[in-house]
Structure formats: C-alpha cells, structure tokens
2 protein chains.
Amino acid sequence: MSRQPQKRRLETRAKLLEVTSALVASEGYSGLKVEDVVKRAGVAKGTLFSHFRDKDGLLAVLIGAEVMRFLDEMEAEGTPDSREALLQRLAPLLDYVAGDRVIFDLLLRYSGSTGTETDEVITESFYRQIGIWAAWIEALQKAGEVRRDCAPDFLAEGIQAFLNQVIAIWFCMSSPNTATPLEALRPFLDAWLAPPA
Amino acid sequence: MSRQPQKRRLETRAKLLEVTSALVASEGYSGLKVEDVVKRAGVAKGTLFSHFRDKDGLLAVLIGAEVMRFLDEMEAEGTPDSREALLQRLAPLLDYVAGDRVIFDLLLRYSGSTGTETDEVITESFYRQIGIWAAWIEALQKAGEVRRDCAPDFLAEGIQAFLNQVIAIWFCMSSPNTATPLEALRPFLDAWLAPPA
DNA sequence: TCATTAAAGTGACCAGGGTCAATTTAGTTG
DNA sequence: CAACTAAATTGACCCTGGTCACTTTAATGA
C-alpha cells in the first residue's frame, strides 16, 4: 500500500530548490554543481536524485517557475494593440532565455514534451505561453493588425519558432557586435504576422 | 618556428574519423563512447582531444560532412518549381536530422557560429544551406510562387526556423502517433512563403 | 507498546568526458 | 651524424553526474 508523502520529504525538496536557486544566483547555471547543492542542503547525493530525475530535472523546476513569472507579467499587461507592442511584450522573456545557454537548451528540450511527470511546470508553461500569444493574436486579427488566413494557435507556434531561431543565432555569434535578439526578431514577426498589403 | 603538420598526424586524424564513423553506424550517436573510439583506433585518449576540441567537435566533422552530402543532392536536383516541390526537396535532410536527437542538438549549437576553427565543416554547411534555399526562393519569387516582399535570404532563414521548430516538437512527442515532421512543416512553409492571395 | 513495513535518505561506487606533465617521434641544422 | 627543437602522442589522473544496495525514520495496526 502507498502512503502520503511525509512532511520531511517536502521540506527536503524545498531545501534543495532553495539552495539551488541561491547557488544559481551567485554562480550562474553553468557553474552549478550537484555536489555543491547537496553539500549546502545537508543531504546525500542520492536524495537529490530521488527527488529529481537528473540535474536538468532540478533546473527545469526553477526555470519553469521563472518562465511562469514572465507569463504572469505578460498577462498582467494585457493584450497588445499592435505588432510592435506584441514584440515589446516578448522582450523580458527573450532577454531571460537569451541570457544563458543552459536555459535555452533546457527549454528547447523540455518544452512541448507531453508532461508525464507531475511537476513538469516547464511543460505547462509552454502550453500556457502559446495560449497567451494566441489570445493576443486573435485580438490583433480583429483589429486588422494581423493576417486572418491562419489560426491564432498556429501563428503563435510560428512566433515560438522565430524566437528560438533568433536566440540560437544570438548564441552562435559570440561577439557582441550583433543587434539584440529583439531587434533580430522584429522583421520575422512583421513578415509572419502582417496582413497582406 | 612552426612546421608543417606531419603525415602521421593526418593519418591519425583520418583513423579517428573512420573508427568513429564505423561505431556510429553500428551503435548510433547516443551510444558512442570516446573510450571505444580511441581503443579501436589504437591511440591514447589525449590524442583524440588534441585533434578535436571535445566529443561534439569530433561528431561535428562527421555530421557536417553528412549534411554537405545532402546539400550536394539538393543542388543536383535543381531548383524546385513550386512550394510543394521545395518541401519535398527538404525531406531527406529533415529525416536525417529528425532521426537522432544528438544530430539536432549539435547542429543547433554549431550552426551559424562564426567558424573560428579551420575544420568547422558544419558552419560552412549552414551558410551553404541558406544560400541554396535563397536561390530557390528567388526563382520561385520570379515564378510568382513565393511572396516578393521579403529578401530571399531572409525567407530562407525563416525556413530554417520552422525546420528546427517541427523537429524540436517531433522529439518532444515521444509517441509516434504524430504526423511526420515533413507534414508538420508544410503548413508553416505555405503560410511563410505564399504570396498574398 | 511493540512489531511491521513502506517511505526517506545515505554514501561508496561507477561511468565517461576531458586534462596535462611527461615522453616519444621526426624534421632541421651545424 | 649528433644535437636540438617542435610536433605528436601518451596514459595516469581528475571531475562530476548519476546509481543502488543498504540503513534509518516514522506511520500503521494488533
């Protein structure tokens, strides 16, 4: 028979996440070591891996939560009234993801995966994101700001594609002589969303 | 003073690539171990890492060469005469990349990087690919099959974005109940390239 | 209260990529 | 040819993520 998860387990999990978060804040994602996490959390290594599938699984929880916060922000600002406004709404998320390759890689790997795990916040965030954008697009279609020959969901997925594209290119251009990802995104969004002239 | 690379070095490099290729053929990319490679090649581990920056660098040479072969094939078939024909031209490459996550990840990481390394075949292949598609698009624009309000290079980059998108989604959907990446790509290509109605 | 048993946690151990001081090989020069 | 030097290679070692047989903890129930 199975029993309820004990309070102790929840505390351990919370402690692990808290420590990880602190370490990421000071060292960045790329410098994070599992050993440091368990040392500072005062648990054994095996414990960490009984809570999270692997190191990525641990990070996914944090990153998923962070993305959720961006989505809250997006929703709070309401529907944009133009394509340019839509672009500006994307800026914070774009900056966040473009700020660290680990974040980008992880989002690309986990996003869209049919979340078999209970705690895949990150998968949930993916669908929520598409949903929010689709709602914006629908409004913009009614306002005549966006083409009407494609479904909002479909156009939203396209935005996702362009977002990933400009970030991928951004990481490849190691030299900072290039325009920001946001600037690179604008022409794509325009060409993708603008109604026929 | 610097000297010419010696014949021995070229032989070692060739041997490493040959062995890697053979192992990949039998085990797949994900099962490849550096230790197996050096064992079968009869060299020390350090030698491999003096030839290639890391395991990915080794794979990049093979994958870059493979992509180049697909591009040769694409060019040999000539310019497509419709958007659908263009889509079909992409099929072999798409299948290849969608066939193994390692390939996809590696291409995404290396592509577009301003190739500082001499042997970054993979970077070269990226630009060549865009060039080929741009040429196709230019022809299709003249034929009225493709929108004319965007530069061919720009539209080609968009194709790249959609290609990556459908493959990323493909990998996330572990269950094979989904349509092939090629089918998923069609609507995107149409919406992206079609001239205004 | 004490036996029972599932949940939670432990840490020695392994795997596999990557490093580097030391060694061998082979052009070059006097 | 012998001495010299740069190129090429070596393999012991390290790092770090991940595993698993075992111990500890704490609900449950007679």
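None of these values were measured; they are calculated from a predicted model. First the proteins, then the strands, lettered A, B, ... as listed; each starts at 1.
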Restricting to non-hydrogen atoms, name the atom on [X] and the atom on [Y] that form the minimum distance, rounded to 0.1 Å.
{"X": "A:Lys142", "Y": "A:Arg148", "answer": "O-NH2, 3.3 Å"}
{"X": "B:Ala22", "Y": "B:Arg40", "answer": "CB-NH2, 4.1 Å"}
{"X": "A:Lys55", "Y": "A:Val34", "answer": "CG-CG2, 3.9 Å"}

Can you check whether [X] has a side-chain N or O nearer than 4.0 Å to OP1 or OP2 of [N]?
{"X": "A:Thr12", "N": "C:dG9", "value": "yes"}
{"X": "A:His51", "N": "C:dG9", "value": "yes"}
{"X": "B:Arg9", "N": "D:dA7", "value": "no"}

Tell me the interatomic distance from [X], atom [atom1], to [N], atom [atom2], rounded to whole angstroms.
{"X": "A:Leu59", "N": "D:dT16", "atom1": "CG", "atom2": "P", "answer": "15 Å"}
{"X": "A:Glu11", "N": "D:dA26", "atom1": "CD", "atom2": "P", "answer": "10 Å"}
{"X": "A:Leu16", "N": "C:dG9", "atom1": "CG", "atom2": "P", "answer": "9 Å"}
{"X": "B:Asp36", "N": "C:dG16", "atom1": "CG", "atom2": "P", "answer": "8 Å"}
{"X": "B:Phe52", "N": "C:dG17", "atom1": "CZ", "atom2": "C1'", "answer": "16 Å"}
{"X": "B:Lys15", "N": "D:dA8", "atom1": "NZ", "atom2": "C1'", "answer": "18 Å"}
{"X": "B:Glu35", "N": "D:dA12", "atom1": "CD", "atom2": "P", "answer": "12 Å"}
{"X": "A:Leu48", "N": "C:dG11", "atom1": "CG", "atom2": "P", "answer": "14 Å"}

Decide, yes or no, whether a salt bridge links [X] with [Y] under the criterion of side-chain N to carboxylate O below 4.0 Å.
{"X": "B:Arg101", "Y": "B:Asp105", "value": "yes"}
{"X": "A:Glu66", "Y": "A:Arg69", "value": "yes"}
{"X": "B:Arg128", "Y": "B:Glu75", "value": "yes"}
{"X": "A:Glu27", "Y": "A:Lys33", "value": "no"}

Dump every N/O contact between nucleotides 18-20 of chain C and the protein below 3.5 Å, one line per pair.
from, atom 1, to, atom 2, distance (Å)
C:dG18, OP2, B:Lys55, N, 2.8
C:dG18, O6, B:Lys45, NZ, 3.0

Aromatic plane relationship, A:Phe162 with A:Phe188 - under 30° parallel, 30 to 60° tilted, over 60° perpendicular: parallel
Partner of B:Val102 under side-chain contact (heavy atoms from CB on, under 4.5 Å), chosen from B:Asp56, B:Leu59, B:Leu32, B:Val24: B:Leu59
With heavy atoms under 4.0 Å as the rule, sort B:Leu32 into base, sugar-phosphate or nothing. sugar-phosphate
Protein-nucleotides 22-25 of chain C N/O pairs closer than 3.5 Å?
none

